[in-house]
Asker: 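Just passing along the structure, written as structure tokens.
Convention: sequence-line order gives letters A, B, ...; per-chain numbering from 1. All values derive from a computational prediction rather than experimental measurement. Hydrogens, waters and symmetry mates play no part in the numbers below; they use all other heavy atoms, side chains included.
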Protein chains: 2
Amino acid sequence: MSSSPVTVNGRSYRLPQAPTVVVCVDGCEPDYIALAVAGGHMPYLQGVLARGTALVADCVIPSFTNPNNLSIVTGAPPSVHGICGNYLYDPATNSEVMMNDPKWLRAPTILAALADAGANVAVVTAKDKLRRLLGHKMRGICFSSEKSAEATVEDNGIDGVLQLVGMPVPDVYSAELSEFIFAAGLKLLHARRPDMMYLSTTDYIQHKHAPGDPVANAFYAMLDGYLAQMDAAGAVIALTADHGMNAKFKLDASPNVIYLQDLLDEWLGAARARVILPITDPYVVHHGALGSFATIYLPADGATGMAERLRALPGIELVLPREEAAARFELPADRIGDLVVVSERNVVLGSASTRHDLSQLELPLRSHGGVSEQRVPLIVNRPIAGLDLARRWRNFDAFDLALNHAQ
Amino acid sequence: MSSSPVTVNGRSYRLPQAPTVVVCVDGCEPDYIALAVAGGHMPYLQGVLARGTALVADCVIPSFTNPNNLSIVTGAPPSVHGICGNYLYDPATNSEVMMNDPKWLRAPTILAALADAGANVAVVTAKDKLRRLLGHKMRGICFSSEKSAEATVEDNGIDGVLQLVGMPVPDVYSAELSEFIFAAGLKLLHARRPDMMYLSTTDYIQHKHAPGDPVANAFYAMLDGYLAQMDAAGAVIALTADHGMNAKFKLDASPNVIYLQDLLDEWLGAARARVILPITDPYVVHHGALGSFATIYLPADGATGMAERLRALPGIELVLPREEAAARFELPADRIGDLVVVSERNVVLGSASTRHDLSQLELPLRSHGGVSEQRVPLIVNRPIAGLDLARRWRNFDAFDLALNHAQ
């Protein structure tokens, strides 16, 4: 392994001296940790908060999974890496497509650069939708819990994952889908001693259970146990999140939705504007594709005044034209619509009401996507001297802290 | 009883035709109701939300108890009634004083006006600090749970309260302090049939327990039972809140405090600026006098740039000069300092760290005072046709809805 730092997207990273683990806990609103700690469910992390490094950072907007995971592994905002949602409108093909394909990725990852410099790298994530992006051009181990049974040396750098982990393939909607990641990470740490691991979970539990809820506390107790074992194995650990999570329901506990496509159809005529919800993905049972961020493509004519009209709706926090949104949220201007709309903390944005299947929401809706879900933990299990506590920390500083400051 | 409406602070109110009850549930963040309803703990209110009137309204800022209770019973903001906190700095006497004395009240109450017009009026509140303000110049019944044993016909319009209610005097820090209010209200409704009742609780439970927590759900189940019985007795009921409530702690669950007096002492010299926390009252065990709103009196010289410096602190949401704060939040400009400071959702403002006793905080801090606690329920147990759902409703529209629209 080379000993000189690698430079990725304008930032320099030292190669790991100790096994280094960056953990992205999907939907980890900081209060999940605080209330689990207060309840005595995270004895290991309680110690880390006292003796290590505990920051609260801002994630990138939209506060969704893919943009933030890619920011964390590139150390850069979406304006650099290009992934600004799970889903986008592609004007080139006039179609709405998933953004899972690495063709959308515009920047190299730190993971790939470390592997190229000779580090042994392993990535484990929950769903296969994210695996292809995280593992792009990366030599090493990269698989998802979801498709762990199908992992091959050729495609994933590893096979026999179920035997290694000793767990069956978890259901895609389960806490075990995330537990499998930590169990796999711990086994890999012992069996393969990777220099660098990236472990990224799914927010199934966080979409259903509020901070302090017994089910949430059990999830964080599970996490705490694995983190403690990785620490005991000598790992430098940085923990952050892709986004927070908030309650998004009305007084009667039904989802608090503004259906933007219905409104625009009424104001402009049917299907003249196109509402894109970048939270959309194939796994929408737990949130019904409802989040607090939307982007709108307006017709070339007759769409004046839409921003003002949307801004006047109760529950709307921000309506920004493309260039302003791109500047403020560091987004790729060519991949967002004419308007970016962000709703308030307890409100989500829908397209047309008929396009959302809410019948499978078993519990009051919790979701994310907005500025209200921007705060996330940024924790390192080692003390770091001289940190500027007044600066704005980002979740995509996790690799910098872990590699350049904690070892 | 006269049949012509009364006019109070520029608004007109019809006299009650049916027994009318306005309930202020202290610290009732809307999610308390939503999650209690979702959990099946409020079967009566669940029906009301479906068949009655369910709005979410804005309270007044600072989102504290006294300013909002006075707004509700005057139908007006603090710029009209003058009560802008529990506590203020009185430049006339160069002293910091409680604002409980009715001498601070600048406007008549709807309650007093209805009583003057011949209505039988009853007010029950939790703590005696609020009773004197609510009952100012009001003929009728007015007592607190806290001092219920001492109620006399001369001072409170009633005696023998404990016998009437059939409960002992509750502890001032208890859920029973609020339950006593509803128990008393129900007994009064049957025994005296008041035309108008105002019932105002304390937020002891809400400071300690998040929405959906079993203890919170039990509180709302208790409330639901009493509301159902009042409805069955023929009451028109309007329910609102003085303010919401949010978690205010760090990752390690300790209070997330910016100590403003310490900062200003460091920047300007000791005691040159004066930080006033209007949440301060004699009952601070459950919040340590920490809320998300402060006002600052600056020295006449050498205090330039303080607003900018405070604004740059992580966790500060707003810093407004006096006149701007008075205009934006409808506050009496002569009763606030040179600056008004509002902190973010999960942050509270302290004066000097040595002045706050946090040793009695048994659970992670939950508090209020900021814009983040402005949303409150506004529910009426009767349908109201033709309501403008796009307008900004206020908690101090409760009497208007109950008296002018629901009967």
Asker: Against chain A, work out which of B/L35, B/D213, B/V56 has the most heavy-atom pairs shorter than 4.5 Å and name it.
Answerer: B/L35
Asker: With chain A as the partner, which of B/K250, B/R375, B/Q46 has the greatest number of non-hydrogen pairs under 4.5 Å?
Answerer: B/R375
Asker: Of the listed residues (B/V37, B/V48, B/L49, B/L251), which shares the most heavy-atom pairs with chain A below a 4.5 Å separation?
Answerer: B/L251
Asker: Which heavy atom in B/A38 sits nearest to a heavy atom in A/A253, and how many Å separate them?
Answerer: CB-CB, 3.7 Å
Asker: Pick one of side chain, backbone, both or neither for B/N246, based on which atoms fall under 4.5 Å of a heavy atom in chain A.
Answerer: side chain
Asker: So for B/R345, is it side chain, backbone, both, or neither that comes closer than 4.5 Å to the heavy atoms of chain A?
Answerer: side chain
Asker: Pick one of side chain, backbone, both or neither for B/R392, based on which atoms fall under 4.5 Å of a heavy atom in chain A.
Answerer: neither
Asker: Measure the spacing between CD1 of B/I33 and CG of A/D252 and express it to the nearest 0.5 Å.
Answerer: 11.0 Å
Asker: Under 4.5 Å heavy-atom distance to chain A, tell me which part of B/L55 shows up: side chain, backbone, both or neither.
Answerer: backbone
Asker: If I compare all heavy atoms of B/L389 with all of A/P314, which pair ends up nearest, and what's the gap?
Answerer: O-CG, 4.3 Å
